[in-house]
Amino acid sequence: MRLVAFAAAVSLGMTAANATPLPLLPMPSSIVPAKGSFVSAGALLVARGPGERAAAERLNALLGASGMHELGFAKSGRIRFRRSKSIAAPEGYRLTVAPDGVNIEASSDAGLYYGAETLFQLMVSGGVQRSIPSAVIDDHPAFSWRGVMLDSARHMQPVSYIKKLIDRMSAAKLNVLHWHLSDDQGWRIEIDRYPRLTSIGAWRQEAGAAGIDPETGKPIRYGGFYTKKEVRELVRFAAAHHVTIVPEIDMPGHATAIIAAYPALASTSAPPVSPSSDWGILPNLLNPSDDTFTFVENVLDEVMALFPGPFIHVGGDEAVKDEWRASPAVQAKIKALGLKDEDALQAWFTARVGTYLASRGRRLVGWDEILGGKVPANAVVMSWHGVDGAVTAAKSGHDAVLAASPILYLDHIQSPSADEPPGRGEIISWRELYDFDPLPPGIGPKERGRILGLQANLWTEHVRTLDYADRMLWPRTAILGEVAWSNPKKDWLSFAPRLLAAMDRWKRLGERFDSTPLEPLAVFGEGEGAVTAAISQPASIGTLRYTIDGSSPNAGSPQYRKPLKLSPGTVLSAQAFEDQTPLGEAKRWVIGPGLARTRSASEMELCGNAIPLRLEDDGPPKGERKVHWVDIMHPCWIWRGAPLSGTRRIVAEVGRLPFNFSIGEDIKKIVFRPPSTPAGELEVRRGCDGPLVASIPLQSAAGTSGAAQVEGLIAGPSSDADLCMTFTQKGPDPFWVLDRLTLQ
């Protein structure tokens with residue numbers, strides 16, 4: 001792989017003449033190249049103290065996992081780990097590479113550890129001899145909080161997976177795992193004093209076919225929890241990797257699982273009896289009574305005993321106040337406290353919890369909704385409403401962490417490809433994340449010191465599997481590491497080869513990541529006896545090349561520059577290359593009229609953009625499931641310029657999904673045309689307000705779990721037109737989705 005010289009070479013102590021291309025991610029603070037190189041093959045390690053030894057063993061662990069020989073230890077080896085008070089930054093290090101040896105110096109164990117990580121990246125790129133160019137690297141982080149939020153409440157991940165995530169985070173020089181442990185859909189941590197939190201609050205029945213055993217017809221119990229032993233094991237593991245785990249117990253909203261376990265904590269006389277299988281914002285709030293605070297304090301005592309870090313996250317977001325408004329007891333509480341309204345009551349609730357945590361030497365962290373009231377001075381505000389919450393928090397004297405939606409929300413898809421995992425429909429590309437500026441322009445130098453850092457959030461409503469989680473997290477988590485560690489001047493052309501080098505290391509380590517944005521997409525059309533093919537690559541990395549003779553593309557294949565006109569029967573293959581290195585997987589198409597006359601829903605436009613989702617089918621309970629592209633507020637798809645000439649029949653693949661979305665009064669905005677048959681119809685129109693050209697009954701697909709095929713005749717003019725596909729039905733639950741449409 002070619003590794004281009006960095007555009008920022010001068011600021012890093014390099015010049016165009018002597019720049020040494022180093023495949024490092026994240027980019028160090030300073031690199032000063034020197035003459036010569038160091039051959040690390042056969043070198044021995046010197047590590048005298050426990051911190052030095054731990055860092056050296058981390059280096060060996062990475063070498064061994066990537067298939068390279070580990071290094072031995074000696075009193076006078078050539079790779080030396082040293083404690084040095086001259087390195088002022090708490091997590092900083094100096095890595096000096098010279099022909100006669102390597103020194104890694106730091107004033108802390110964390111600095112030595114991060115130096116070992118950088119040395120590994122250099123060694124793995126050094127070929128068989130592990131030849132490393134001489135240089136002095138002085139490095140330290142731009143921010144103290146460099147985090148990832150993992151939502152284990154919606155879908156629970158095994159301890160082994162979380163360990164692997166911590167390991168990969170530390171390799172990216174990230175140091176905070178924000179662990180979302182409670183929500184409406186589940187409670188995930190063992191609490192001795194309140195066993196019903198795990199016996200009841202940890203389990204739910206999934207919506208739709210996924211919640212029913214197809215063999216017995218009985219409900220499937222879904223969920224689980226982490227024992228205290230497992231939590232302690234994870235905390236120890238994280239500490240060894242210099243990662244702090246920040247637990248989140250959400251309150252007073254997102255509390256359905258808590259209330260199902262202990263109904264006396266509810267703000268309504270008809271509380272839920274189990275955690276919810278719905279996604280969205282549920283109305284269930286803890287009541288603000290003294291008994292509730294006794295519960296909260298007892299729970300927090302056990303949580304604090306497990307997590308020794310300084311921060312405890314208490315949520316505070318999306319607390320719908322309908323139950324509080326309707327509760328005479330809550331209204332009496334507001335009056336007795338002399339508060340203005342329900343929002344002021346939540347502020348009082350959060351402040352009381354914050355004061356309790358402060359009395360135990362801990363700092364409350366909350367989403368930026370906590371800015372609605374007075375919280376302890378040491379409270380940290382986590383801003384998810386863009387950067388505005390962080391700016392407001394900093395100006396009011398609070399430390400802040402940027403977790404801005406949508407740019408830092410990893411449950412968004414990364415490209416328009418139909419191969420992307422399920423997730424929110426707004427695309428957040430790799431480059432958009434890389435270009436994010438964590439230092440908002442509307443904040444002065446004094447307040448900038450209040451920005452502790454940033455984190456990316458993986459909410460898991462639509463991230464059911466570990467494969468989905470890995471693909472959503474990586475490579476974006478490593479891109480976040482670049483922004484959070486060094487926040488260098490933005491230069492995508494110099495960054496992209498370093499990202500590809502990181503992907504190569506992950507392959508060697510057997511680690512999963514999403515390569516879909518690297519892979520070509522094609523759109524086909526008809527024209528004058530040929531099929532046109534327009535090819536693109538979402539990531540804009542490398543050079544797109546193609547063949548039309550059935551062979552696989554290589555670095556010498558023709559470069560794609562404009563749409564191709566191809567004869568039926570041609571085999572088109574395409575792949576991107578960075579110099580000689582292929583990126584992602586090659587794509588292959590056999591050219592024929594069917595390509596231009598078939599569209600997946602993912603290749604169509606949605607008629608609306610209210611809540612667009614790549615949404616996983618609800619069945620089967622085990623195994624692979626279809627992923628559908630839909631705006632749940634308006635299930636409607638547009639095929640622009642559909643080739644209707646000669647079309648007589650429409651064949652459609654459709655699915656039927658449970659409407660398990662809590663959207664409050666907005667559900668009244670979802671309107672369907674009334675059906676003419678019991679299961680409804682797929683309606684196809686020329687334009688969304690145009691004449692009906694096909695109405696296909698859905699009864700044959702009504703009993704199918706997963707995708708099913710329906711078909712019908714098409715009527716009307718045969719000239720090309722925009723086709724608009726919708727469904728008729730009586731209500732939104734369940735609702736139909738289009739997966740694919742073919743014009744025959």
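What you see is a predicted model, and the numbers here were worked out from it, not measured in a lab. The first residue of the sequence shown is numbered 1, and numbering continues consecutively from there. Any value given below was found using the heavy atoms of this structure, including those in side chains, with hydrogens, waters and symmetry copies removed.
For the side chain to side chain donor-acceptor pair (under 3.5 Å) condition, the pairs that include at least one residue of residues 205-223, sequence neighbours left out, are His155-Tyr222, Arg204-Glu206. Residue pairs meeting the side chain to side chain donor-acceptor pair (under 3.5 Å) criterion with at least one partner in residues 255-280, sequence neighbours excluded, are Asp184-Thr256, Thr256-Asn284, Ser267-Trp324. Within the structure, salt bridge (Lys or Arg N to Asp or Glu O under 4.0 Å) pairs that include any residue of residues 341-354 comprise Asp290-Arg352, Lys321-Asp343, Arg325-Glu342 (at least two apart or interchain). Applying the side chain to side chain donor-acceptor pair (under 3.5 Å) test to pairs two or more places apart or on separate chains, those with a residue in residues 158-169 are Arg58-Asp167, Tyr161-Asp470, Lys163-Glu233, Lys164-Glu511, Asp167-His241, Arg168-Glu511.
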For residues 402-411, run the donor-acceptor check on the side chains, cut-off 3.5 Å, and write out each pair with its distance to 0.1 Å, sequence neighbours left out.
{"unit_1": "Asp411", "atom_1": "OD2", "unit_2": "Arg424", "atom_2": "NE", "d": "2.5"}
{"unit_1": "Asp411", "atom_1": "OD2", "unit_2": "Arg424", "atom_2": "NH2", "d": "3.3"}

For residues 305-314, which side-chain N or O atoms pair as donor and acceptor with protein atoms under 3.5 Å away, sequence neighbours left out?
{"unit_1": "His313", "atom_1": "ND1", "unit_2": "Gly315", "atom_2": "N", "d": "3.0"}
{"unit_1": "His313", "atom_1": "ND1", "unit_2": "Val365", "atom_2": "O", "d": "3.4"}

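Among residues two or more places apart in sequence or in another chain, the side chain to side chain contact (heavy atoms under 4.5 Å, CB included) test is passed with Ser327 by Ala329, Val330. The ring-ring contact (aromatic ring centres under 6.0 Å, His included) test applied to Trp506 returns Trp474, Phe513, not counting sequence neighbours. Residues forming a ring-ring contact (aromatic ring centres under 6.0 Å, His included) with Trp179 (at least two apart in sequence, or on another chain): Tyr226. Here Phe659 pairs with Phe661, Phe735 under the ring-ring contact (aromatic ring centres under 6.0 Å, His included) rule; sequence neighbours left out. Under the side chain to side chain contact (heavy atoms under 4.5 Å, CB included) criterion, Glu302 pairs with Ile191, Asp192, Arg193, Lys228, sequence neighbours left out. Asn457 is linked by a side chain to side chain donor-acceptor pair (under 3.5 Å) to Gln455, counting only residues two or more places apart in sequence or in another chain.
Here the side chains of Leu181 and Glu248 are not in contact, with every heavy-atom distance at 4.5 Å or above. Between Leu615 and Val737, every side-chain heavy-atom pair lies at or beyond the 4.5 Å cut-off. Using a 4.5 Å cut-off on side-chain heavy atoms (C-beta onward), Ser700 and Val710 make contact. Looking at Leu234 and Ile245, their side chains come closer than 4.5 Å, going by heavy atoms from C-beta outward. Taking 4.5 Å as the limit, every side-chain heavy atom of Gln185 sits out of range of all side-chain heavy atoms of Pro275. Under the 4.5 Å side-chain criterion, counting only non-hydrogen atoms from C-beta, Arg464 is not in contact with Pro422.
Closest approach of Leu174 to Val243, counting heavy atoms only: O-CG2, 3.7 Å. When all heavy atoms of Thr294 and Tyr194 are compared, the pair lying nearest together is O-OH, 4.0 Å. The shortest heavy-atom contact between Ser182 and Ala153 is C-CB, 3.9 Å. The minimum heavy-atom distance linking Gly366 with Leu364 is given by the pair N-CD2, 4.0 Å. Residue Arg625 comes nearest to Ala210 through the heavy atom pair NH2-CB, 3.7 Å, listed as atom of the first residue, atom of the second, then distance. Closest approach of Leu345 to Lys333, counting heavy atoms only: CD1-CG, 4.3 Å.
Side-chain atoms of Ser289 and Asp291 form no donor-acceptor pair, as typed in the model, at a separation below 3.5 Å.
If you run side-chain contact (heavy atoms from CB on, under 4.5 Å) between Met251 and each of Leu265, Leu285, Val296, Thr350, only Val296 comes through. Met382 pairs in a side-chain contact (heavy atoms from CB on, under 4.5 Å) with only one of the listed residues (Val401, Leu452, Leu454), which is Val401.
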Quick one: do Thr728 and Phe672 satisfy side chain to side chain contact (heavy atoms under 4.5 Å, CB included)? Show the steps, please. CA-CA 6 Å; Thr728 65; Phe672 298 94; 5.9 Å; no

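In summary, Glu420 and Arg614 do not engage in a salt bridge, as defined by a charged side-chain N under 4.0 Å from a carboxylate O. At a threshold of 4.0 Å, the pair Arg363-Asp399 counts as salt-bridged, since one of the basic side-chain nitrogens sits closer than that to a carboxylate oxygen. Electrostatic pairing of Lys626 and Glu653 counts as a salt bridge here, judged by a charged N lying under 4.0 Å from a carboxylate O. A salt bridge links Asp514 to Arg471: one of the charged nitrogens lies within less than 4.0 Å of a carboxylate oxygen.
Relative ring orientation between Trp459 and Trp367 is described as tilted, the plane-to-plane angle lying within the 30° to 60° band. Ring-plane geometry between Phe727 and Trp637 is classed as perpendicular, the angle between the planes exceeding 60 degrees on a 0 to 90 degree scale with a lower cut at 30.
A donor-acceptor contact shorter than 3.5 Å is absent between the side chain of Asp617 and the backbone of Val627. Between the side chain of Thr292 and the backbone N or O of Pro288 there is no donor-acceptor pair closer than 3.5 Å. Thr460 places no side-chain N or O within 3.5 Å of a backbone atom of Val463 that could act as its donor or acceptor partner. In this structure a side-chain-to-backbone donor-acceptor pair under 3.5 Å is missing from Trp736 to Leu738. The closest donor-acceptor contact from the side chain of Gln729 to the backbone of Pro734 lies under 3.5 Å. In terms of modelled atom types and a separation under 3.5 Å, the side chain of Arg188 and the main chain of Ser152 share a donor-acceptor contact.
Outside the 6.0 Å centre-distance limit, the rings of Tyr356 and Phe293 are not counted as a close aromatic pair.
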